[in-house]
2 protein chains.
Amino acid sequence: MTESTRELRSALVEAGHRLTGPRIAVWEVVAGSESHLTAEEIAEAVRSADPTVNLSSVYRSLALFTDLGLVRESNLGANEATHWELAHPDEQFHLKCKACGRVEHHTGDLVTQIESHLSDHHGFKASRVELLVTGMCAECSQSHSSNT
Amino acid sequence: MTESTRELRSALVEAGHRLTGPRIAVWEVVAGSESHLTAEEIAEAVRSADPTVNLSSVYRSLALFTDLGLVRESNLGANEATHWELAHPDEQFHLKCKACGRVEHHTGDLVTQIESHLSDHHGFKASRVELLVTGMCAECSQSHSSNT
DNA sequence: ATCTAATTGCGAACCATTTGCAATAAGCTG
DNA sequence: CAGCTTATTGCAAATGGTTCGCAATTAGAT
Ligand SMILES: [Mn+2]
Ligand SMILES: [Mn+2]
Ligand SMILES: [Zn+2]
Ligand SMILES: [Zn+2]
C-alpha cells in the first residue's frame, strides 16, 4: 500500500467510510496530478488502471473527498464542467488565461484581508472564498502584442 | 417607450442588433429586479407580460446582453443554475449566506488591489474578477448562536 | 408596401451530473 | 477463515440546465 493510499485510508476510516478500489483509484489520479481535472478526465485515467470503475463512482468518490476536505471543486467558467484537484486553501486562488486556457494558482494575503474585513466590519463569517481572475497571462499578452 | 427601453435600444442599435419584443421584455425584468435571477425565473416573469415568449429567447437575450456588458452572469454555487442581474463592476462581489441563502453585494477596493498586484508583479492583465464568499451573514450567525 | 436578414418559437438534442436498484464486497465478529 | 451486515458499486435511466436546427415571423432598411 502506497503512502498516498495510507493517507486516504485514515481520512476515510476516521469519518466512518470504507477504503475501496474505486476510491483508491480516483484518489491516486487526483493526488498524482498537478492540474484541474474534470470527472470525465479522472474517469479516463482511472480506467487505464481499472477499466471496471464506473463514472458514477468517480462522481461519488469526488463528492465524498470534497466533503472530507481532501479535494477541491472549482467552477472555472460558466457552462464548463466542474474541475477537481487536490485541496488547497482559499487564499490560493485561480488565474485563468483566456488566451492559452491555463489555470495558475496565486497566493495572496489579500483574500485573508477580505475575510477579516467582512468578519470585523460586517459580522459575516466566511467559510469559503472562491476567487477566479480571468484575463491574459504574461506570456500571452507578450506574444499577442502587435508591437515591433 | 420607457426610459429603460430607450437605453436598451441604443445599446442594441450601436452594436447592430434589433430591438424586439422578447428582448424588451427580458430587459424590463432584469433591469427592474434587485436580485440574482435564473433564466427560468426571468422567463416566468416575462411570460406574465407576454406568454408567447419562449425560454430559448430568454437565454438568447441574456447571452446577448451579457456580451454587450448590460447584464452580469454569475455562478453562485456548484450545480446551481446560472443567475443573471443588471451589470455591476468586478469590485462589487458576492457574499452568500449558507443559512438563509441570501446573496449580498459588497464593494471592496481589495479586489482592485489584487488586480494591480497581478498586473504590476506578474504581468497578468485581469479582465474579469469573480469573487464569491460563502459563509454566515450577521443575522444568521446571531440567531444560530447557542448562547443565552 | 416590399424586401432581406435577423430573430423567434418550437422541439429535439446535448451534456454534466444524479439517482434507483439489484449485485457486490469491505470490514467486523466469532 | 467463514459468515454477516450494510456500505458501496455498476448499470441504465432520469434529470435539469442550456443549446441547436429549422421553418415561420418580423424589424428595419429601401
Ligand atoms: Mn486550484
Ligand atoms: Mn451580483
Ligand atoms: Zn496565457
Ligand atoms: Zn443569512
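Note that the structure is predicted; figures quoted are calculated from it, not measured. Every chain is numbered from 1, with letters handed out A, B, ... down the list of sequences.
- Residue B:Asn54 contributes atom CG, which lies 14 Å from atom C1' of D:dA23 at whole-angstrom precision.
- Taking atom CD on A:Glu41 and atom C1' on C:dC15, their separation rounds to 15 Å, with Å as the unit.
- Residue order along DNA chain D, read from the 5' end via each residue's closest nucleotide, puts B:Ala39 first among B:Ala39 and B:Leu19.
- Rounded to a whole Å, the CG atom of A:Leu37 is 16 Å from the C1' atom of C:dA16.
- For the pair A:His17 NE2 and D:dT6 P, the interatomic distance rounds to 17 Å; values are reported in whole Å.
- Between B:Ser57 and C:dT7, a side-chain N or O to OP1/OP2 separation shorter than 4.0 Å is absent.
- Checking D:dA27, D:dT8, D:dG10 against the side-chain heavy atoms of B:Arg18 singles out D:dA27 as nearest.
- Evaluated for a side chain to side chain contact (heavy atoms under 4.5 Å, CB included) with A:His83, the options A:Thr38, A:Ile42, A:Leu37, A:Asn75 yield exactly one hit, A:Thr38.
- Computed from coordinates, the B:Glu73 CD to D:dG17 P distance equals 15 Å when rounded to whole Å.
- Within 4.0 Å of A:Thr52, counting heavy atoms only, lie sugar-phosphate atoms of the nucleic acid but no base atom.
- Between B:Leu55 atom CG and D:dT18 atom P the separation is 9 Å, expressed in whole Å.
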What do the steps show when you test A:Leu70 against A:Trp27 for side chain to side chain contact (heavy atoms under 4.5 Å, CB included), and what is the final call? CA-CA 9 Å; A:Leu70 297 171; A:Trp27 176 250; 3.7 Å; yes
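- No hydrogens or angles were tested; on distance alone, a donor-acceptor pair under 3.5 Å links the side chain of B:Ser56 to the base of C:dG11.
- With rounding to whole Å, B:Trp27 atom CH2 is found 17 Å from C:dT7 atom P.
- The pair A:Glu80-A:Lys96 meets the salt-bridge criterion, since a charged nitrogen lies less than 4.0 angstrom from a carboxylate oxygen.
- The side chain of A:Tyr59 contributes no N or O atom lying less than 4.0 Å from OP1 or OP2 of C:dT18.
- Contact annotation: B:Thr20 side-chain N/O to C:dA6 OP1/OP2 distance is not under 4.0 Å.
- Phosphate contact (OP1/OP2 of D:dG16, side-chain N/O of B:Asn79, threshold under 4.0 Å): absent.
- In this structure, of D:dT9, C:dT17, D:dT18, it is D:dT9 that holds the atom nearest to the side chain of A:Arg60.
- Residues B:His88 and B:His94 bring their aromatic ring centres within 6.0 Å.
- When the nearest nucleotides of DNA chain D are assigned to A:Leu64 and B:Gly21 by heavy-atom distance, the more 5′-ward of the two goes with A:Leu64.
- C:dT7 atom P lies 12 Å from atom CG of B:Asp67, rounded to whole Å.
- Remark: aromatic rings of B:His121 and A:His106 are distant, center separation not under 6.0 Å.
- Taking for each of A:Val13 and A:Thr82 the nucleotide of DNA chain C with the nearest heavy atom, the 5'-most of the two is the partner of A:Thr82.
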